[in-house]
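Only one structure is covered here, and it is reproduced in the block below.
For clarity, every value in this text was computed on a predicted model and none was experimentally measured.
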Amino acid sequence: MTPEVLSSYPQIQELHIAEVVSYLQENHWISVSHPSTRLLVFEKGVDDRGKPIQIVLPSKDDYEDTPYLLAKAINLLSFLQSVSFQEIVKAIGAFANVS
């Protein structure tokens, strides 16, 4: 499914940026600087063309595009880890409950 569709899912609406950031850090994604304070950028590995694979998140939960960017990030994680969207959301939730 597309991030546009997934962004309206309750599972996405209930996620918090801090939970996703903790999950990314625990899974060895590296935070990289970005000129906009509205965005958090993480990198890990490279794609087929040798470019860094990036996840871009908003810096706050209350931005209008937060659900869309969260859905896009979870879609990418799902693809990279070869697991379902729901499994990534569940893993982030489980990690958040442990932290």
Side-chain angles (χ1 to χ4, degrees):
M1 280 191 231
T2 66
E4 291 84 0
V5 171
L6 293 171
S7 65
S8 64
Y9 274 38
Q11 299 146 313
I12 290 294
Q13 301 290 328
E14 294 168 7
L15 284 178
H16 297 282
I17 298 301
E19 296 168 346
V20 178
V21 167
S22 293
Y23 178 84
L24 292 173
Q25 291 171 335
E26 184 67 21
N27 286 280
H28 311 290
W29 285 80
I30 307 298
S31 176
V32 295
S33 64
H34 190 275
S36 173
T37 57
R38 288 191 74 236
L39 298 175
L40 303 172
V41 180
F42 293 86
E43 291 182 352
K44 182 177 180 182
V46 294
D47 64 16
D48 328 6
R49 295 175 292 189
K51 296 189 179 198
I53 298 171
Q54 292 187 332
I55 288 182
V56 178
L57 298 172
S59 59
K60 295 183 181 178
D61 288 321
D62 57 357
Y63 290 142
E64 186 176 329
D65 60 351
T66 295
Y68 173 77
L69 290 173
L70 285 172
K72 197 170 170 186
I74 292 170
N75 249 358
L76 178 60
L77 290 167
S78 172
F79 173 77
L80 293 172
Q81 296 179 27
S82 299
V83 297
S84 71
F85 179 88
Q86 291 84 357
E87 288 179 76
I88 296 293
V89 172
K90 190 174 179 181
I92 292 169
F95 183 79
N97 291 333
V98 171
S99 304

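- Ser59 places none of its side-chain heavy atoms less than 4.5 Å from the side chain of Thr37.
- For the side-chain hydrogen bond (donor to acceptor under 3.5 Å, both in side chains) test, no residue two or more places apart in sequence or in another chain qualifies with Ser33.
- Interatomic distance, Leu69 CG to Ile17 CD1, rounded to the nearest 0.5 Å: 8.0 Å.
- In this structure, Leu57 CG and His34 NE2 are separated by 11.5 Å, a value rounded to the nearest 0.5 Å.
- Residues Glu14 and Glu19 approach most closely at O-OE1, 4.3 Å, considering heavy atoms.
- Placement of Tyr63 and Leu40 in two distinct hydrophobic clusters is found when ILVMFWY residues are connected by side-chain heavy-atom separations under 4.5 Å, directly or transitively.
- Qualifying side-chain hydrogen bond (donor to acceptor under 3.5 Å, both in side chains) partners for Gln54, counting only residues two or more places apart in sequence or in other chains: Glu43.
- Taking Asp65 as the reference, Arg38 meet the salt bridge (Lys or Arg N to Asp or Glu O under 4.0 Å) condition, with sequence neighbours excluded.
- Between the side chain of Thr66 and the backbone N or O of Lys60, at least one donor-acceptor pair lies under 3.5 Å.
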Please evaluate residues Ile92 and Ile74 with respect to the criterion side chain to side chain contact (heavy atoms under 4.5 Å, CB included), reporting the C-alpha separation (whole Å), side-chain torsions for both, the decisive distance (0.1 Å), and the verdict.
CA-CA 10 Å; Ile92 292 169; Ile74 292 170; 4.2 Å; yes
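- Taken from OH in Tyr23 to CD1 in Ile55, the straight-line distance is 9.0 Å, to the nearest 0.5 Å.
- Under the rule for a side-chain hydrogen bond (donor to acceptor under 3.5 Å, both in side chains), the partners of His16 that lie at least two apart in sequence or sit in another chain are Asp61.
- Ser78 pairs by the side chain to side chain contact (heavy atoms under 4.5 Å, CB included) definition with Ile88, not counting sequence neighbours.
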Given Val20 and Phe42, is the side chain to side chain contact (heavy atoms under 4.5 Å, CB included) satisfied, shown in steps?
CA-CA 11 Å; Val20 178; Phe42 293 86; over 6 Å; no
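- One hydrophobic cluster, built from ILVMFWY side chains closer than 4.5 Å, cannot hold both Ile30 and Val41; they sit in different ones.
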Could you give the side-chain donor-acceptor pairs of residues 45-53 under 3.5 Å, partners two or more places apart or in another chain?
unit_1	atom_1	unit_2	atom_2	d
Asp47	OD1	Arg49	N	2.9
Asp47	OD1	Gly50	N	3.1
Asp47	OD1	Lys51	N	2.9

